[in-house]
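All remarks here apply to the structure that follows.
The analysis underlying the following values was restricted to heavy atoms, covering all of them including side chains, and did not include hydrogens, waters or symmetry mates.
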Amino acid sequence: MIVVGLTGNYGMGKSTVAGMFKEAGALTIDTDEIVKELLREPAVINEIKNAFGEDVVANNVINKKKLADIVFQNPHLRISLENILHPKVFEEVNKRLSRIHSGDAAVVIIEAPVLFERGYQNRFDKIITVFASEEVTLKRLKAKGIPEEEALRRLKSQFPSGMKIGKSDFTIDNSGDPEETRKQVETVYEELAAMERRHGNN
């Protein structure tokens, strides 16, 4: 089994690409889904309330938009939130990986949005960065109702795509149409599966 970190900046299509890898035959783990589950746990809600104040919680439910607005405007607070969530996320990821048997899948794709920002590269066998031009990214986010100002603020809170590309084993250009992206995904998946076969035969 080869464990692959899939990263890329806000709005550039990580989840879309992860879905394509799943269709190609990979197992996928969505850390955003794990975070959503964690944000419903009473202990985590209390930790966040203590760190960010009562305003981000109403009726024991976290106001995700309010919390996101706070952390994307303040890098120190974003790190504080990540310090609460990330150890728990990786604990869950490790549990899921331990339940995967060798015959279940050759390739496991883990979506990891801030992989480079938090220095998590060594947790993965290989790293893929998904990227798209800023123009295309802003256009897609606008179509989803995300104001350009907010989108730019979030993009600026992450390392530039060019830096991530330079540190990655593979890249997927998601600027074009879905079929162009899918062809790249299938090529990368075949390369990863071949690596796993070679490794398994050694």
Legend entry - Close side-chain approach of I128 and D169, heavy atoms under 4.5 Å: no
Legend entry - Minimal non-hydrogen separation, D173 against T181, with atom names: O-OG1, 3.8 Å
Legend entry - Members besides V136 in its Ile/Leu/Val/Met/Phe/Trp/Tyr cluster (side-chain heavy atoms under 4.5 Å): none
Legend entry - E54: side-chain contact (heavy atoms from CB on, under 4.5 Å) partners, not counting sequence neighbours: K49
Legend entry - Atom of S80, atom of F52 and distance for their closest heavy-atom approach: CB-CZ, 4.3 Å
Inset, instruction - Starting from Y10, walk the hydrophobic network (Ile, Leu, Val, Met, Phe, Trp, Tyr; side-chain heavy atoms closer than 4.5 Å) and list everyone else you reach, by chain and number. - result: M12, F131, L138, L141, I146, L152, L155, I165
Inset, instruction - Any chance you could lay out the salt bridge (charged side-chain N to carboxylate O under 4.0 Å, His left out) test for K183 and E186, step after step, and finish with the verdict? - result: CA-CA 5 Å; K183 285 176 188 172; E186 289 170 353; over 6 Å; no
Legend entry - Separation of F21 CZ from L192 CG (nearest 0.5 Å): 6.5 Å
Legend entry - Partners meeting ring-ring contact (aromatic ring centres under 6.0 Å, His included) with F90 (sequence neighbours left out): Y120
Inset, instruction - Could you grab the distance from atom CD1 of I79 to atom NE2 of H86, nearest 0.5 Å is fine? - result: 10.5 Å
Legend entry - Nearest atoms (heavy-atom pairs only) where R153 meets Q73: NE-CG, 3.6 Å
Inset, instruction - Report the C-alpha separation of N9 and V130 in whole Å, then their side-chain angles, then the decisive distance to 0.1 Å, and conclude whether the side chain to side chain contact (heavy atoms under 4.5 Å, CB included) test is met. - result: CA-CA 8 Å; N9 283 351; V130 180; over 6 Å; no
Inset, instruction - Supply the atom-to-atom distance S15 OG to K22 NZ, rounded to the nearest 0.5 angstrom. - result: 12.0 Å
Legend entry - Set of residues satisfying salt bridge (Lys or Arg N to Asp or Glu O under 4.0 Å) with respect to E92, sequence neighbours excluded: R96
Legend entry - Path from V114 to F72 over hydrophobic side-chain contacts below 4.5 Å: no
Inset, instruction - Measure across V4 and F124 and return the closest heavy-atom pair with its distance rounded to 0.1 Å. - result: C-CD2, 3.8 Å
Inset, instruction - Measure the spacing between OG1 of T16 and CG of N174 and express it to the nearest 0.5 Å. - result: 6.5 Å
Inset, instruction - State the CG-CG distance between L39 and L67, to the nearest 0.5 angstrom. - result: 7.5 Å
Inset, instruction - Name all residues meeting the salt bridge (Lys or Arg N to Asp or Glu O under 4.0 Å) criterion together with E150; count only those two or more places apart in sequence or in a different chain, and write none if there are none. - result: R154
Legend entry - Sequence-distant partners of E82, salt bridge (Lys or Arg N to Asp or Glu O under 4.0 Å), two or more places apart: R78, R118
Inset, instruction - Take atom CG of N60 as the centre, draw a 6.0 Å sphere, and report whether it contains more than 12 heavy atoms from other residues, nucleotides or ligands. - result: no
Inset, instruction - I would like to know whether L85 and V44 meet side chain to side chain contact (heavy atoms under 4.5 Å, CB included); could you show each step before the answer? - result: CA-CA 8 Å; L85 295 173; V44 174; 3.9 Å; yes
Legend entry - Hydrophobic cluster partners of V61 (side-chain heavy atoms under 4.5 Å): none
Inset, instruction - Indicate yes or no: at least one non-hydrogen side-chain atom of T129 is less than 4.5 angstrom from one of F116. - result: yes
Legend entry - Summary of salt bridge (charged side-chain N to carboxylate O under 4.0 Å, His left out) pairs that have at least one residue in residues 63-76, sequence neighbours excluded: K65-D69
Legend entry - Test salt bridge (Lys or Arg N to Asp or Glu O under 4.0 Å) applied to K164 - qualifying residues, sequence neighbours left out: E117
Legend entry - Nearest atoms (heavy-atom pairs only) where T7 meets P113: OG1-O, 3.2 Å
Legend entry - Residue pairs, two or more places apart or on separate chains, that pass salt bridge (charged side-chain N to carboxylate O under 4.0 Å, His left out) and touch residues 130-149: none
Legend entry - Heavy-atom side-chain contact between K126 and I2 under 4.5 Å: yes
Inset, instruction - Give the cluster check for V35 versus I48: same hydrophobic cluster or not, with ILVMFWY residues linked at side-chain heavy-atom distances below 4.5 Å. - result: yes
Legend entry - Validation row: D55, N63 side chains within 4.5 angstrom (heavy atoms): no
Legend entry - Over all atoms of both residues, closest heavy-atom pair of S175 and A132: OG-CA, 3.2 Å
Inset, instruction - Could you walk me through whether L27 and V107 pass the side chain to side chain contact (heavy atoms under 4.5 Å, CB included) test, one step at a time? - result: CA-CA 6 Å; L27 280 180; V107 180; over 6 Å; no
Inset, instruction - Any pair with a residue in residues 38-48 that passes side chain to side chain donor-acceptor pair (under 3.5 Å), sequence neighbours left out, goes on the list, sorted by first then second residue, please. - result: E47-K88
Legend entry - From CD1 (I110) to OG1 (T31), nearest 0.5 Å: 8.5 Å
Inset, instruction - Show your working on side chain to side chain donor-acceptor pair (under 3.5 Å) between T28 and E111 and close with a plain yes or no. - result: CA-CA 8 Å; T28 59; E111 287 186 61; over 6 Å; no
